There are 2 protein chains.
Amino acid sequence: MAEREGPRPGGRSARVQASVHRAARDLLARMDRAEVTIPLIAAEAGVTPSTIYRRWGELNELLADVAVERLRPDMEPVETGSGRGDLLAWAEQYAEEMSSGIGREMIRDVLAAEGAAGPRRCCGYARQQIAVIAGRAEARGEVFPDIDTILDGVIAPILFRILFDEALGLERVGSLVAGVFATVERRAA
Amino acid sequence: MAEREGPRPGGRSARVQASVHRAARDLLARMDRAEVTIPLIAAEAGVTPSTIYRRWGELNELLADVAVERLRPDMEPVETGSGRGDLLAWAEQYAEEMSSGIGREMIRDVLAAEGAAGPRRCCGYARQQIAVIAGRAEARGEVFPDIDTILDGVIAPILFRILFDEALGLERVGSLVAGVFATVERRAA
DNA sequence: CTCCAAACGCAAAGAATTTGCTTTTAGCGC
DNA sequence: GCGCTAAAAGCAAATTCTTTGCGTTTGGAG
């Protein structure tokens, strides 16, 4: 589906990356995020710290890398029979995953890294999933909101509240979905 | 207006905090963000590093502290004659400030810190400013959207795009404002 | 099979962080 | 005013993390 960014699979480089990623995930699960250091991860992964420093530069970059990978959706949105139902189900699950403690931390890790590549990829993941739902809706001949409208009207508030305020409850997520549909349906009429 | 959180003004503690904040701001303006370290800030501020370590713990916390302070609005939203005009003007300025390089960095600094206190305060700043606009509109007897509606419908997309995608242009900000007004006006009719 | 470039390990040097102890300072009761 | 006290800062040693030079290993290409 998407092309890998790293080195060819199977090489030494790929093995090291995999074991470092796994070590980081394990340590994050086992101890407080503030206690995790590069030397620790290196020891857990069975490599020397300098290897990690040379590849990732600093802890934030590595953790961001790990977080982006964990944030990648591992399945297609469930089908409920209608585009609106699909979107609601997917958005509710998205909101729940993201507002969990671990989800919140992953978002922060992604945002804390240097460039904008990580956040963009995460945005791309959401866009992709919504595109799948939109495609199915279109195939059924339904009216369905523009993807950017959904990003602004549903995803943005969910993430904004998680990051800056307090996570939205499921019923508020439902209202957001209702909102983007109300606008598009009114426009279609 | 709001009570200070720090120690009493005028004490030694307050002087140290002020000089450290100023030193951090100066250094951030003068050099790359990745080059700024606690020992550097300490030297610039004329204190020992251990003072900073004891008070803030780590660089992120200090920078978040500085960023939150810089993000605090320093004036009331300008008056344009209508609530909608006020909101549009304020939102456009907000979007511009936040999407500038320095604004983006400050947001990231705030989000990178440990607790949720910093982000909440930033959200509170926006809420406060919007409340001022809403109050003026109400005094004129206008229909005006709920503050949370504006947070979700205008602020959230602005920040979401800055953080995860690409900053919105001014005309898109205008669309967002139009959107929340369309909904509330339709409801009022 | 041999060579090459990329990536890793090792270890020393350099920088940041932590910590115990001492000294300073601002506020408080007398 | 005058000490007294608790909080905060300075200092310096110990620890931990980060950077870097150099030799070695490894996987792939010719």
Side-chain angles (χ1 to χ4, degrees), chain A residues 3-28 30-66 69 109 112-115, chain B residues 3-28 30-67 69 108-109 112-115:
Chain A
E3 50 186 315
R4 308 282 308 178
E5 59 177 5
R8 283 176 194 71
R12 176 176 54 162
S13 193
R15 281 199 305 279
V16 168
Q17 162 155 348
S19 70
V20 169
H21 271 217
R22 185 168 39 67
R25 276 201 314 275
D26 286 359
L27 289 177
L28 284 176
R30 184 146 19 103
M31 54 178 32
D32 199 58
R33 202 232 122 105
E35 319 271 317
V36 177
T37 64
I38 287 187
L40 251 181
I41 296 173
E44 174 87 10
V47 302
T48 61
S50 64
T51 294
I52 297 183
Y53 283 116
R54 280 200 243 257
R55 261 178 95 142
W56 282 279
E58 55 165 336
L59 184 59
N60 267 348
E61 298 298 319
L62 168 55
L63 294 186
D65 216 34
V66 171
E69 181 143 332
D109 286 342
E114 260 309 299
Chain B
E3 50 188 314
R4 308 284 305 180
E5 59 177 5
R8 284 176 193 72
R12 175 177 55 160
S13 195
R15 281 199 304 280
V16 167
Q17 162 155 349
S19 69
V20 169
H21 271 217
R22 184 169 40 67
R25 276 201 313 275
D26 286 0
L27 289 177
L28 284 176
R30 182 145 21 102
M31 54 177 33
D32 199 58
R33 203 231 119 106
E35 319 270 318
V36 176
T37 65
I38 287 188
L40 251 181
I41 297 173
E44 173 88 11
V47 301
T48 61
S50 63
T51 294
I52 297 183
Y53 283 115
R54 281 202 240 257
R55 263 180 92 143
W56 282 280
E58 55 164 337
L59 184 58
N60 268 348
E61 298 297 319
L62 169 56
L63 294 186
D65 216 34
V66 171
E69 181 144 332
R108 277 181 26 185
D109 286 342
E114 260 307 300

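Values reported hereafter were calculated over all heavy atoms of this structure, with side chains retained and with hydrogens, waters and symmetry mates removed. Here is the naming used below: chain letters follow the sequence lines, and residue numbers restart at 1 for every chain. Values in this document were obtained by computation on a predicted structure and should not be read as measured data.
Nucleotide dG27(D) holds its P atom 16 Å from the CD atom of Gln17(A), rounded to whole Å. Computed from coordinates, the Arg12(A) CZ to dG28(D) P distance equals 11 Å when rounded to whole Å. Remark: C1' of dC17(D) and CD1 of Ile38(B) are 14 Å apart, rounded to the nearest angstrom. Distance, Ile52(B) CD1 to dG10(D) C1': 13 Å, rounded to whole Å. The distance from atom CH2 of Trp56(B) to atom P of dA8(D) is 12 Å, rounded to the nearest whole Å. The CG atom of Leu59(B) sits 17 Å away from the P atom of dC17(D) (whole-angstrom rounding). When the P atom of dT19(D) is taken as reference, atom CD of Glu61(A) falls 12 Å away, rounded to whole Å.
Residues passing the side-chain contact (heavy atoms from CB on, under 4.5 Å) test with Ala64(B) are Ala113(B), sequence neighbours excluded. Thr48(B) is linked by a side-chain hydrogen bond (donor to acceptor under 3.5 Å, both in side chains) to Ser50(B), Thr51(B), counting only residues two or more places apart in sequence or in another chain. Legend: residues meeting side-chain contact (heavy atoms from CB on, under 4.5 Å) with Arg22(B), ordered by chain and number and at least two apart, are Ser19(B), Arg25(B), Asp26(B). Residues satisfying the side-chain hydrogen bond (donor to acceptor under 3.5 Å, both in side chains) criterion with Glu44(B), sequence neighbours excluded, are Arg30(B).
At dC8(C), one or more side-chain N or O atoms of Arg55(A) fall inside 4.0 Å of OP1 or OP2 (strictly under the cut-off). Within the structure, every side-chain polar atom (N or O) of Arg15(A) is placed at least 4.0 Å from both OP1 and OP2 of dC8(C).
Of all heavy-atom pairs between Glu61(A) and Trp56(A), the closest is CB-O, 3.2 Å. Smallest separation of non-hydrogen atoms from Ile52(B) and Val20(B): CD1-CG1, 4.1 Å.
The residue among Arg54(A) and Gly57(B) whose nearest nucleotide of DNA chain C lies closer to the 5′ end is Arg54(A).
The stretch residues 39-50 of chain A touches DNA chain C through Gly46(A), Val47(A), Thr48(A), Ser50(A), each having a heavy atom under 4.0 angstrom from the strand.
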